[in-house]
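Quick notes on the structure that follows.
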Amino acid sequence: MEEIHQDVEYVMLTAKQIAKRIKAVAKQLDKLYQGRKPVVVCILKGSVVFFSDLIRQMKTPLTIDFMAVSSYGNGTKSTGELTVKKDLSTDIQGRDVLIVEDIIDSGNTLYKLKKLLNARLPNSVNIVTLLDKPERREVPMEPEYTCFTIEDEFVVGYGLDYAEEYRNLPYVGVLKRSVYE
Ligand code: IMP
Ligand code: MG
């Protein structure tokens, strides 16, 4: 049994479940990018744990880059505004871009990010997300690859935060409502 943080209501996905699923998704991505060299983009900060596990399961030659965007304040609701806090250092024109995201909620962040990156004329842009909450979608945004589709619950851990905390938990857990209400 994993020890559970006192602010976590229950563990939704164990470290073991996550690792198993990432291995399978990495295999699919290797197939997709066969003969190409994608630039795999980590969306900071939430994706950093997922990203580092995912790229180490991928066998295809790749390069990495980082981007920091936000459409969230310190709360649990999307404001819909996209701010680029840190841009790519790679010229993506003609490249195959794989965006690695932690969770898709309203879809606002990725909808705008995809638009922004497409304007730089990459060969392709695909999205892989660890988690997807399709019930919450406000804009049409379908990731090409989803590790886990989850219910509308606010989750933390495995990179995901609430007010910058809990990113280092090795599992994905549902945050107790008392913490943010
Ligand atoms: P969207 O623009 O509403 O799709 O928001 C995506 C971003 O919101 C993610 O990258 C997360 O940073 C944050 N987010 C959405 N839901 C959760 C959650 O349940 N836990 C932690 N962060 C979340
Ligand atoms: Mg995020």
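Note: hydrogens, waters and symmetry copies are ignored here, and every other heavy atom, side chains too, is used. We count ligands from 1, going down the list as the structure has it; atoms in each ligand are counted the same way. Keep in mind it's a predicted model, so treat the numbers as computed, not measured.
- Atoms of ligand 1 found under 4.0 Å from any heavy atom of E101, numbered from 1 in the order shown, are 10 (O).
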For a salt bridge (Lys or Arg N to Asp or Glu O under 4.0 Å) check, start with the C-alpha distance between K59 and D30, then their side-chain angles and the critical distance, and finish with the verdict.
CA-CA 6 Å; K59 295 189 175 72; D30 278 337; 5.2 Å; no

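- Listed by number with element, the atoms of ligand 1 under 4.0 Å from a non-hydrogen atom of I103 are 6 (C), 9 (C), 10 (O), 11 (C), 14 (N), 15 (C), 16 (N), 17 (C), 18 (C), 19 (O), 23 (C).
- Contact check on K114 versus E144 returns a salt bridge, with a Lys/Arg side-chain nitrogen under 4.0 Å from an Asp/Glu carboxylate oxygen.
- Note: Y162 and Y180 have tilted aromatic rings, judged against thresholds of 30 and 60 degrees for the angle between ring planes.
- Side-chain atoms of T149 and D132 form no donor-acceptor pair, as typed in the model, at a separation below 3.5 Å.
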Take K45 and E164 through the test salt bridge (Lys or Arg N to Asp or Glu O under 4.0 Å) and record every step on the way to the result.
CA-CA 9 Å; K45 306 170 193 167; E164 294 299 330; 3.0 Å; yes

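- At a heavy-atom cutoff of 4.0 Å, ligand 1 is contacted by the side chain of L160 but not by its backbone.
- For T63, the side-chain hydrogen bond (donor to acceptor under 3.5 Å, both in side chains) criterion is met by R95, not counting sequence neighbours.
- Using 4.0 Å as the threshold, M141 has no heavy atom nearer than that to any atom of ligand 1.
- When only interatomic distances are considered, the shortest N/O to N/O separation between V156 and ligand 1 does not fall below 3.5 Å.
- Residue contact annotation: G46 has no non-hydrogen atom under 4.0 Å from ligand 1.
- Remark: K31 NZ is loosely packed, at most 12 non-hydrogen atoms of other residues, nucleotides or ligands lying under 6.0 Å away.
- When the heavy-atom distances from atom 12 (O) of ligand 1 to D102, L131, D132 are ranked, the shortest goes to D102.
- The atoms of ligand 1 that sit less than 4.0 Å from any heavy atom of N108 are 2 (O), 4 (O).
- Not one N or O of L110 is nearer than 3.5 Å to an N or O of ligand 1, by distance alone.
- Close contacts between ligand 1 and K133 involve ligand atoms 16 (N), 17 (C), 18 (C), 19 (O) [criterion: under 4.0 Å to a heavy atom].
- S124 is linked by a side chain to side chain contact (heavy atoms under 4.5 Å, CB included) to R36, D96, N126, counting only residues two or more places apart in sequence or in another chain.
- Interface atoms of ligand 1 facing T109, defined by a heavy-atom separation under 4.0 Å, are 1 (P), 2 (O), 5 (O), 6 (C).
- Residue-ligand proximity, E153 to ligand 1, at heavy-atom distances under 4.0 Å covers atoms 19 (O).
- A 6.0 Å sphere centred on OH of Y111 holds no more than 12 heavy atoms belonging to other residues, nucleotides or ligands.
- Every heavy atom of R136 sits 4.0 Å or more from the atoms of ligand 1.
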